Amino acid sequence: EPYVPSNLAAISAKYKDKKTPPAWFGMDVWGATVCFNTAEAAKRKLPKPETWKDLTNPIYKGQIVMPNPASSGTGYFDVTAWLLLFGDDGGKGGGWKFMDALHENIGQYTHSGSKPCVLAGSGEYLMGISFEYRGNTVKAKGAPVDLIFPKEGLGWDLEAFGIHKGTKKLDAAKKLADWASSKNAAILYGKNFAITA
């Protein structure tokens, strides 16, 4: 149900529907990250990677955990990002070569997108490929992790708000949209996400 929330003008143009009135607006962006356990790295004298391709270095063999793209939306999100970043070329491109090399260093594939960061935070693995929200949560709980945002680029997704057409509670939905687009809401989003709309 298209609606112009009271704070629409404060939302960046790239994070809202271009139609007038808009059918949706963005609230925050979540992106891929690598949770890197600094304490384990210091014990093992292993360097902190800066790029996705650094993760293919044989010194990290068995030290990386990531979500299984066949059972985790986050894992699938990572695969699609790597194919966009490094190329697909019908299954022969750089993205596939990167994933083949990365596979050599994967110690475990999980069914959860957040578990890799949790495992890295507890020191079971040196690194977990996850997403920034979980990384921030694990770090805020005191885990010795740094969040790495690889230099080649990241997969990312926009969390958005829209009103379901035909809702029986249209007035309540509009009030919620007004709040969800407010500065106070953006401050709350910013406690967990690096990018707010």
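The analysis underlying the following values was restricted to heavy atoms, covering all of them including side chains, and did not include hydrogens, waters or symmetry mates. Just so it is clear, the structure is predicted and the values come from calculations on it, not from any experiment.
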Check against side-chain contact (heavy atoms from CB on, under 4.5 Å), Ser114 and Phe131 = CA-CA 7 Å; Ser114 58; Phe131 53 98; 4.1 Å; yes

Donor-acceptor pair, [X] side chain versus [Y] backbone, under 3.5 Å?
X: Ser122; Y: Leu119; answer: yes
X: Asp54; Y: Thr51; answer: yes
X: Lys16; Y: Ile11; answer: yes
X: Thr56; Y: Ala101; answer: no
X: Asn37; Y: Leu126; answer: no
X: Thr38; Y: Pro144; answer: yes
X: Lys61; Y: Glu104; answer: yes
X: Glu152; Y: Lys53; answer: yes
X: Asn105; Y: Leu55; answer: yes
X: Asn7; Y: Asp178; answer: yes

I need the [X] [atom1] to [Y] [atom2] distance, nearest 0.5 Å.
X: Glu1; Y: Thr167; atom1: CD; atom2: OG1; result: 9.0 Å
X: Asp88; Y: Leu83; atom1: CG; atom2: CG; result: 5.0 Å
X: Leu147; Y: Cys117; atom1: CG; atom2: SG; result: 6.0 Å
X: Asp28; Y: Lys191; atom1: CG; atom2: NZ; result: 14.5 Å
X: Ser6; Y: Trp179; atom1: OG; atom2: CH2; result: 12.0 Å
X: Tyr189; Y: Tyr133; atom1: OH; atom2: OH; result: 13.0 Å

With heavy-atom distances below 4.5 Å as the criterion, would you say the side chains of [X] and [Y] are in contact?
X: Tyr60; Y: Pro49; answer: yes
X: Ile59; Y: Pro47; answer: yes
X: Pro22; Y: Val4; answer: yes
X: Leu158; Y: Trp24; answer: yes
X: Lys174; Y: Ile163; answer: yes
X: Leu154; Y: Thr33; answer: no
X: Pro67; Y: Asp78; answer: yes

task = Test side-chain contact (heavy atoms from CB on, under 4.5 Å) on Ile129 and Leu102 and set out the steps.
result = CA-CA 11 Å; Ile129 297 171; Leu102 177 64; 4.0 Å; yes

Restricting to non-hydrogen atoms, name the atom on [X] and the atom on [Y] that form the minimum distance, rounded to 0.1 Å.
X: Phe36; Y: Ala41; value: CZ-CB, 3.3 Å
X: Val34; Y: Pro150; value: CG2-CG, 4.3 Å
X: Ala177; Y: Pro5; value: O-CB, 3.7 Å
X: Gly26; Y: Ala197; value: O-CB, 3.1 Å
X: Gly155; Y: Ala81; value: CA-CB, 3.4 Å

Common cluster, [X]/[Y], ILVMFWY with side-chain heavy-atom separation under 4.5 Å:
X: Val65; Y: Val79; answer: no
X: Leu84; Y: Met99; answer: no
X: Phe25; Y: Tyr15; answer: yes

task = For the residue pair Ser112 and Thr110, confirm or rule out a side-chain donor-acceptor distance under 3.5 Å.
result = no

key: Distance-only donor-acceptor check, side chains Ser72 and His111, under 3.5 Å   = no

inquiry  = Could you check whether atom NZ of Lys48 has more than 12 heavy atoms from other residues, nucleotides or ligands sitting under 6.0 Å from it?
reply    = yes

request  = Determine, using ring centers only, whether His103 and Phe98 are less than 6.0 Å apart.
outcome  = no

task = Assert yes or no for the condition that the ring centre distance of Trp30 to Trp156 is strictly below 6.0 Å.
result = no

key: Full working for side-chain contact (heavy atoms from CB on, under 4.5 Å) between Phe86 and Lys97   = CA-CA 9 Å; Phe86 304 129; Lys97 290 175 185 170; over 6 Å; no

query = Salt-bridged, Asp146 to Lys139, with N to O below 4.0 Å?
reply = yes

remark   = side-chain hydrogen bond (donor to acceptor under 3.5 Å, both in side chains) filter on Gln108, not counting sequence neighbours, yields Tyr125

remark   = From the list Phe77, Trp52, Trp96, Tyr76, ring-ring contact (aromatic ring centres under 6.0 Å, His included) with Trp82 holds only for Trp52

